[in-house]
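These figures come from a predicted structure and were not determined experimentally. Throughout, residue positions are numbered sequentially from 1 according to the sequence presented.
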Amino acid sequence: MAEADSVVVIGLGRFGQSLALELMAAGTEVLGIDMDEELVQALNTQLTQVVRADSTKEEALRQLAVDEFDRVVVAIGNDISASILTCSVLLGMKIPVIWAKAVDDRHGVILEQLGVHHVIYPEKDMGRKVAHLVRGAALDYIEVEPGYAMVKASPPARLCGVPLGQTGLRKEFGVTVAAFKKPGADWHNADADTVLGPEDRILIVGPTRMAEGFAQLR
Ligand code: ADP
């Protein structure tokens, strides 16, 4: 099954399941692996292949031809030793790209020390994101890198009814409106001639504080 666009997801708990189903919906083949028979049964028809196995055992992974895949996600969180052992086996198999979920910083440091290519912190990252949503007017928020963000918001009144090029936005506020969406329409890239209405949604891009501050203007 190791086709070009295919991924192994190990651990089909809440996070792994959601990831695997989203990959399938996006057209990527998924081999799902979990120790829990009930989970394997439940997902049987929803992933390309689902198998019950203990991922800490190298022979089990080799039998499933996991070593032929380019990308593996280790979505085991709560059982930290199982997560670490699984990553160690995968690194020994020279899987080119390994993603692993960490439940906390300590777990993450160990995975990074092992050499896992991408360590993700879903709970920590979601907590940080929600903090920004709770704080203010942002409808969605992505910090591209520390200090630089994309914020979805309603346009402040002073941006409405005038072409964006005439609002002095970049000079005065240090942010750019990258895209906009009229009610019921699709998202479009914004340019100097774009005229916003109060019901529109906009995507503001810029340094985090400025982008967030701008989203809060009314
Ligand atoms: P979540 O918080 O996303 O639900 P969990 O860490 O609770 O994540 O779940 C991880 C999943 O990984 C569970 O379904 C569990 O059965 C599975 N799992 C744990 N250890 C192993 C292992 N050694 N081999 C395969 N699957 C495992």
Enquirer: So which pairs with a foot in residues 194-218 pass ring-ring contact (aromatic ring centres under 6.0 Å, His included), sequence neighbours left out?
Expert: Phe173-Phe214
Enquirer: List for me each residue that meets side-chain contact (heavy atoms from CB on, under 4.5 Å) alongside Ala102, sequence neighbours excluded, and say none if there are none.
Expert: His107, Leu111, Val119, Tyr121
Enquirer: Once salt bridge (Lys or Arg N to Asp or Glu O under 4.0 Å) is applied, what residue pairs with a partner in residues 192-206 remain, sequence neighbours excluded?
Expert: Lys182-Asp200
Enquirer: Do Val175 and Val205 make a side-chain contact, defined as non-hydrogen atoms from C-beta onward lying under 4.5 Å apart?
Expert: no
Enquirer: Taking salt bridge (Lys or Arg N to Asp or Glu O under 4.0 Å) as the test, write out the residues that go with Asp54, two or more places apart.
Expert: Lys57
Enquirer: Could you tell me which residues satisfy ring pair (Phe, Tyr, Trp, His ring centres under 6.0 Å) with His117, sequence neighbours excluded, listed by chain and number?
Expert: none
Enquirer: Would you call Met24 and Thr48 a side-chain contact if the rule is heavy atoms closer than 4.5 Å?
Expert: yes
Enquirer: Checking Glu145 now: which residues fulfil salt bridge (Lys or Arg N to Asp or Glu O under 4.0 Å) with it, not counting sequence neighbours?
Expert: none
Enquirer: Residues two or more places apart in sequence or in another chain: which of them pass salt bridge (Lys or Arg N to Asp or Glu O under 4.0 Å) with Asp105?
Expert: Lys124
Enquirer: Just jot down the side chain to side chain donor-acceptor pair (under 3.5 Å) partners of Arg52, sequence neighbours excluded, or say none.
Expert: none
Enquirer: Apply salt bridge (Lys or Arg N to Asp or Glu O under 4.0 Å) to Arg128 and list each qualifying residue two or more places apart in sequence or on a separate chain.
Expert: Glu143
Enquirer: Indicate yes or no: at least one non-hydrogen side-chain atom of Asn78 is less than 4.5 angstrom from one of Val103.
Expert: yes
Enquirer: Under 3.5 Å, is there a donor-acceptor pair between the side chain of Asp34 and the main chain of Leu12?
Expert: yes
Enquirer: With side chains defined as the heavy atoms from C-beta onward, is the minimum distance between Arg71 and Asp5 less than 4.5 Å?
Expert: yes
Enquirer: Restricting to side-chain contact (heavy atoms from CB on, under 4.5 Å), what partner residues turn up for Ala190, sequence neighbours left out?
Expert: Leu164, Val177, Phe180, Thr194
Enquirer: Share the residues that join Met126 in a hydrophobic cluster, the rule being Ile, Leu, Val, Met, Phe, Trp or Tyr side chains under 4.5 Å apart at the heavy-atom level.
Expert: Val130, Val134
Enquirer: Please enumerate all residues that pass side chain to side chain donor-acceptor pair (under 3.5 Å) together with Glu22, with sequence neighbours excluded.
Expert: none
